[in-house]
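Below is one structure, written out as structure tokens; the observations come after it.
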Amino acid sequence: MAGDMTIDEKTNQRYDFQTVEKKWQQRWIESGLFEAEESPDPDKSFYMLEMFAYPSGDIHMGHFRNYIIGDAVTRYQMMLGKTVLHPFGWDAFGLPAERAAIARNIHPQDWTLSNIAVSRKTLQKVGISYDWSREIVTSEPDYYKFTQWIFLRMFEKGLAYRKRGFVNWCPEDKTVLANEQVVQGKCERCGTLVEKKDQVQWYFKITDYADRLTDDLDKLPDWPENVKTMQREWIGRSYGAEIDFTVEETGEKLPVFTTRPDTIFGVTFMAVAPESELLDSLNLDGEFAAKVAEYRRKALARSDIERASVTEEKDGVFTGKYAINPFNGEKVQLWVADYVLAGYGTGAVMAVPGHDTRDFAFARKYHIPIKVVIHPDKDTKLDAKEMTDAYTEYGVMVNSAEFDGLVGKDAIRKVTDHAEAKQFGRHKVNFKLKDWSLSRQRYWGCPIPIIHCQKCGEVPVADENLPVELPKVTNFQPKGRSPLADVPEYMNVACPKCGGDARRDPDTMDTFVCSSWYYLRYIDPHNENALMEKPKGKSWLPVDLYVGGITHATGHLLYFRFFHKFLHDIGLLDSLEPATKLFNHGMVCDGKGEVMSKSKGNVVSPIELIDQRGVDISRLGMFFTAPSEREVIWSEDTLTGVEKFVYNKIVALIEGYRSSAVDLKRYFKHADLSDDDWALYVKLNQTIKKVTESVERLQFNTAIAALMELTRDYSPDKTADDGLNDQVIVKTIQMLAPLAPHLSEELWEKCGFEFSVLHSDWPQFDPDAIVTDLINVAVQINGKLRHTVQVVADADQELVEAAAFESPKIQQYVADKTIVKKIYVPGRIFNIVVR
RNA sequence: GCGAGAGUGGCGGAAUUGGUAGACGCGCUGGAUUUAGGAUCCAGUUCCUCAACCGGAGUGGGGGUUCGAGUCCCCCCUUUCGCACCA
């Protein structure tokens, strides 16, 4: 269209972004500007990490946002004189790739590698400051060799083990899922209701690290509070007691976990989970046996989500058996009920209807007695007959034999101590966190380096025989067991121990295993003999800033910490935590406020945007819309303002440049400059301060706003001093380097400086020039603004007061009133309190 | 239900520690220039009242602390996210 042509012509005259951006991207790559040195001084190093990408197609707006944040920080840190490691790689194994490959009838590897090629090209077109010489792909043997190496170290320590048990099973994907991959009872990837299946699976014993994973959150002040809270809740540590009830007939122990041992005398029944193996050993009598069996079958068939429904009425079946309370020898009914969770505590509970809401509801339904053993305080008594719900607060123990009168935490301690002394109970800490189920019955993943031998059992593959390579097979349709099981060339091997016939483990690892340690491989990506040389790790670790979306709070970020601690324990790492600071950027949403996603079909392509407006305008638009942690509702309108700023202000700056051989370190004195020039100098320094603070906080929106203000106030015609004039221009260009890098390099070169602007020092503000000589002080009457007075910057109260009372308006307000108080906040306000 | 955030003009958002609410930008209104503009420049733009000045109200609602509250405290509403029978 004719109109568009005109606009293009105009902009091209001044700044042809396509040529300029390509030019600098080539320069960056040719010069190796972002290739980090091997082992820098740890004090001068900065490890900038963004969550690597799942290559499911080309990159989208969310990626774009994530990476430009990391890019801006990288460039800023370089200007602060840091050696920066800023790598990138691909989380290449996994279900989505396999599913996509099946749908397109191609091999997952081909699909994955072609996606990587496309995305890499896009990232290079965006000019992100990655050190491409360190790129990694988790599905390549030279990478997963060390995924397997870590697995074997875990195996040696007993932290990787197999057990039979109920697992989350996705019937659609035909594979096991970790608890972290089940969202609201559904498969995180495909949304199918997850079923329970009794299977032998590999697990990582992350529960051994539960305490440390919780405690060490306190050592992470620069992690967002919400992520820490989510992790704490997910780990779910609770302190209580384990108390051994016994089955009346057999005397078999029936331990239960409780956080409220102080309510032990209020137990009126017991309940076990339908999954409980105890039920098999009870020798139930005919009528009860049938009912219990029927109930168990039904309960197990229901999904977790149905069972967990709070609105659902609790139900259960009496087993006909009784249990004995060790504290008072009392006999209580033993029930099976599906509100008892098999996977938590001992899979059995002591039920105290008087003081637990769930037990109360259950007891009411089945007419089981309710007993009060806690009173709110000495003067407030409860009556079981009048209660409409359980009293669950702490209080005073009553009807509890020798424990009567004990209160709250003290009561809990003494009751548990008693149980311990009598050897029928003990203090106990319990966790919600369960071991990480890591084996997957799918093809596209890292093979498990274990060989199963009839004679020798689970035999690890020797380190020198790693990697166990994933065979390239053509049939990898999911069928409920690993497709690898049907590949005899892969499966059949000699046992490394006895040399007899043996079979490989047919499963592959959860992709989250691959992504739990990738940040370490970047440090030493081409090392064939070791995961990473330890001294190199010392140069860079821990990661200084880790940027990604909030979605990984209880999955990846927990595994990531677990692996780091494990590798620390086996001596590879010095640090206890992988990343000092974590930053979660906000989502990118469409105009309706919905998150952009492929499935919703509302994605805006960053590639198209960049082709039309250029990388720098796109970056500035994204940065300017909102601070990095908040969601962005993407709109092209955002670009209008930054585009004007770039073309009319920034690009135009160069026209006023005077080539004065500017001294960037020079601090001016007021006496050196005219009043107008001094005001500009102050503005420049205020801007440097503001931009620095904003960039430090990743609030690029206010950094851009400050630069807009500065360039608005600057005009070359009005600036008398050449040195000052050029300082304003050059420092503006420097401050722009993290935000609009191509533009900044171009202008830096036009000013006659050597490549690269990133080698120049980030501007420092002149502390003597951040306040103007004359300032406005607000004058308030009773806290209401009534007037402002202009005074010298260091004015004392006397001066401000005199100026204020000169005003007829103020005089009017205080006339025939009594001045009660006068408050002066230097440089800000003067408040007169009258009555 | 529990836990953690958030709620500021027509819109995106500013306002480290309590100290002139609405920076910066979009949009809108008026003007200039132009054959024309979705270009550029200038002015205005929280709401109410007013010709104007002056004044009044104002950061989801209600209360409180304070000379002074968007910011701190209490109650409530809305909303986002997380967890969801964890004994």
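Chain A is the first sequence line, chain B the second, and so forth, proteins listed ahead of strands; every chain is numbered from 1. Note that the structure is a prediction, hence the values are computed from the model and not measured.
- Considering only the side chain of A/Thr259, B/rA87 comes nearest among B/rA87, B/rU20, B/rC24.
- Here A/Lys809 lies in heavy-atom contact (under 4.0 Å) with sugar-phosphate atoms only.
- Side chains of A/Lys196 and A/Asn168: a donor-acceptor N/O pair is present below 3.5 angstrom, by distance only.
- If you check every strand for non-hydrogen atoms under 4.0 Å, A/Arg712 touches sugar and phosphate atoms only.
- The listed nucleotides are B/rC83, B/rA14, B/rA15; the one nearest the side chain of A/Arg697 is B/rA15.
- For A/Trp335 and A/Phe362, the ring centers are positioned less than 6.0 Å apart.
- If you take atom C1' in B/rG68 and the same atom in B/rA21, they sit 14 Å apart, rounded to whole Å.
- Comparing B/rC83 with B/rG60, their C1' atoms sit 26 Å apart, to the nearest whole Å.
- What separates NZ of A/Lys644 from C1' of B/rC26 is a distance of 8 Å, to the nearest Å.
- A/Asp315 and A/Lys365 are not joined by a salt bridge, as no carboxylate oxygen comes within less than 4.0 angstrom of a charged side-chain nitrogen.
- Residue contacts shown for A/Tyr813 are limited to sugar-phosphate atoms, with no base heavy atom under 4.0 Å away.
- Taking atom C1' in both B/rA15 and B/rC81, one finds a spacing of 26 Å when rounded to whole Å.
- Nearest to the side chain of A/Ile823, among B/rC24, B/rG19, B/rG12, sits B/rG19.
- The base-pairing partner of B/rU65, taking Watson-Crick or G-U wobble contacts with both distances under 3.5 Å, does not exist among the strands shown.
- Counting non-hydrogen atoms under 4.0 angstrom, A/Asn701 reaches the backbone sugars and phosphates but no base.
- Looking at the side chain of A/Arg630, the nearest of the listed nucleotides B/rA87, B/rA14, B/rC67 is B/rA14.
- Between A/Leu639 atom CG and B/rG12 atom P the separation is 17 Å, expressed in whole Å.
- Comparing A/Asn776 and A/Pro627 along RNA chain B, the residue whose closest nucleotide (by nearest heavy atom) sits nearer the 5' end is A/Pro627.
- A/Val340 comes within 4.0 angstrom of a base, heavy atoms only.
- Between the P atoms of B/rC11 and B/rC28, the separation comes to 15 Å (whole Å).
- Not a single donor-acceptor pair, N or O on each side, falls under 3.5 Å between the base of B/rC26 and the side chain of A/Asp637.
- B/rU16 is unpaired under the criterion used here, namely a Watson-Crick or G-U wobble arrangement in which both key atom distances are under 3.5 Å.
- Ring planes of A/Phe623 and A/Phe700: tilted class, angle from 30 to 60°.
- Nucleotides B/rA14 and B/rC85 have their P atoms positioned 37 Å apart, rounded to a whole Å.
- In this entry B/rC86 has no Watson-Crick or G-U wobble partner, no candidate having both defining distances under 3.5 Å.
- Residue contacts for A/Arg786: at a heavy-atom cut-off of 4.0 Å it reaches the sugar-phosphate backbone alone, with no base atom in range.
- Remark: P of B/rG68 and OH of A/Tyr824 are 20 Å apart, rounded to the nearest angstrom.
- Between A/Glu631 and A/Arg65 there is no salt bridge, since none of the side-chain N atoms of the basic residue sits less than 4.0 Å from a carboxylate O of the acidic one.
- A/Glu225 comes within 4.0 angstrom of nothing in the nucleic acid, heavy atoms only.
- Residue A/Asn584 contributes atom CG, which lies 12 Å from atom C1' of B/rC81 at whole-angstrom precision.
- Spacing of C1' atoms, B/rU16 relative to B/rA87, comes out at 44 Å, to the nearest Å.
- Among the heavy atoms of the strands lying under 4.0 Å from A/Ser238 are primed sugar atoms or P, OP1, OP2 only; no base atom is included.
- A donor-acceptor contact closer than 3.5 angstrom links the side chains of A/Tyr559 and A/Glu180.
- Residue contacts shown for A/Lys822 are absent, as no nucleic acid heavy atom lies under 4.0 Å away.
- Rounded to whole Å, atom P of B/rG3 lies 19 Å from atom CH2 of A/Trp234.
- Among the nucleotides B/rG13, B/rC86, B/rC67, the one closest to the side chain of A/Tyr344 is B/rC86.
- Between A/Leu785 atom CG and B/rG55 atom P the separation is 10 Å, expressed in whole Å.
- For A/Lys314 and B/rC85, a side-chain-to-base donor-acceptor distance below 3.5 Å is present, hydrogens and geometry of angles not being considered.
- For A/Arg260 against B/rA87, no side-chain N or O and base N or O form a donor-acceptor pair under 3.5 Å.
- B/rC86 atom C1' lies 12 Å from atom CG of A/Leu433, rounded to whole Å.
- With B/rG19, B/rA23, B/rA87 as the candidates, the nucleotide lying closest to the side chain of A/Arg828 is B/rG19.
- Rounded to an integer number of Å, the gap from CZ of A/Phe700 to C1' of B/rC24 is 17 Å.
- Using a cut-off of 4.0 Å between Lys/Arg side-chain N and Asp/Glu carboxylate O, A/Arg426 and A/Asp244 are scored as salt-bridged.
- A/Phe645 and A/Phe624 have their aromatic ring centers separated by at least 6.0 angstrom.
- In this structure, A/Lys428 does not reach the B/rC86 phosphate: none of its side-chain N or O atoms is under 4.0 Å from OP1 or OP2.
- With both ends at atom P, the span from B/rG44 to B/rA23 equals 12 Å, rounded to whole Å.
- Comparing A/Lys821 and A/Val825, the nucleotide of RNA chain B nearest to each residue sits closer to the 5' end for A/Val825.
- When ring centroids are compared, A/Tyr344 and A/Phe431 stay outside the 6.0 Å threshold.
- In the set B/rA14, B/rG25, B/rC41, the nucleotide with an atom closest to the side chain of A/Met708 is B/rG25.
- Comparing B/rG3, B/rA23, B/rG19 by their closest approach to the side chain of A/Glu709 singles out B/rA23.
- Taking only side-chain atoms of A/Val833, from C-beta outward, the nucleotide of B/rC26, B/rC86, B/rC67 with the closest atom is B/rC67.
- OP1 and OP2 of B/rA87 both lie 4.0 Å or more from every side-chain N or O belonging to A/Tyr339.
- Syn is the classification of B/rG9, since its glycosidic angle stays within 90° of 0.
- With both ends at atom C1', the span from B/rC41 to B/rU33 equals 8 Å, rounded to whole Å.
- With a 3.5 Å ceiling on both atom-pair distances, the Watson-Crick or G-U wobble partner of B/rG27 is B/rU45.
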